[in-house]
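All values below come from the heavy atoms of this structure, side chains included, with hydrogens, waters and symmetry mates left out.
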Amino acid sequence: MFLLYEYDIFWAFLIISSVIPIFAFVISGVLAPISKRPEKLSSYESGIEPMGDAWLQFRICYYMFALVFVVFDVETVFLYPWAMSFDVLGVSVFIEALIFVLILIVGSIYAWRKGALEWS
């Protein structure tokens with residue numbers, strides 16, 4: 001028989017973690033002043049009057065470097081727990097982690113050869 005009372009802490013946590021953000025949004029909506037003046041609707045440029053259009057196109061190099069950073073940051077997140085329990089897991093997990101790192105290295109070499117990481 002499935003007993004729901006075993007999950008009381010889970011349901012309490014779920015309800016509380018749902019109510020707190022909703023409560024914060026409601027309170028900020030009630031207390032925040034509503035003003036739609038032209039100053040409020042314009043883009044902020046450090047106190048200087050905005051000149052031209054607010055839409056700028058950034059070079060793709062910035063996005064590529066950010067993407068490479070995220071890939072290697074996620075790699076670190078996956079490899080850190082593996083490194084902490086390396087002595088328990090054994091050789092098979094070492095080979096799997098080595099394959100994971102090799103795939104990332106091959107991907108970065110491919111991006112480098114294609115010129116995706118160059119600023120020119």
Practice prompt. Is it possible for you to say whether Leu79 and Phe69 belong to one hydrophobic cluster, with membership spreading through side-chain heavy-atom contacts below 4.5 Å?
Written response: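 Yes, one cluster joins them.
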
Item to complete: Indicate if Ile109 and Val71 have the same hydrophobic cluster label, given that clusters are the connected sets of ILVMFWY residues with side-chain heavy-atom separations under 4.5 angstrom.
Response: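 The answer is yes; both residues are in one hydrophobic cluster.
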
The criterion is ring-ring contact (aromatic ring centres under 6.0 Å, His included); which residues satisfy it with [X], sequence neighbours excluded?
X: Phe72; answer: none
X: Phe25; answer: none
X: Trp112; answer: none

Can you list the other members of the hydrophobic cluster that holds [X], where links are side-chain heavy atoms under 4.5 angstrom apart?
X: Ile15; result: Val19
X: Ile16; result: Ile20
X: Tyr80; result: Met84
X: Leu67; result: none

Set of residues satisfying side-chain contact (heavy atoms from CB on, under 4.5 Å) with respect to [X], sequence neighbours excluded:
X: Val74; result: Val70, Phe78
X: Ile103; result: Ile99
X: Tyr110; result: Lys114
X: Arg37; result: Ser35, Glu39

Worksheet item: For the atom pair CD1 (Ile27) and CD1 (Ile22), what is the distance rounded to the nearest 0.5 Å?
Response: 12.5 Å

Worksheet, complete the sentence: Rounded to the nearest 0.5 angstrom, the CD1-CG distance for Ile9 and Leu14 is 13.5 Å

Worksheet item: Are Phe94 and Trp82 close enough, and set up right, to give a side-chain contact (heavy atoms from CB on, under 4.5 Å), and what steps lead you there?
Response: CA-CA 9 Å; Phe94 174 73; Trp82 169 82; 3.5 Å; yes

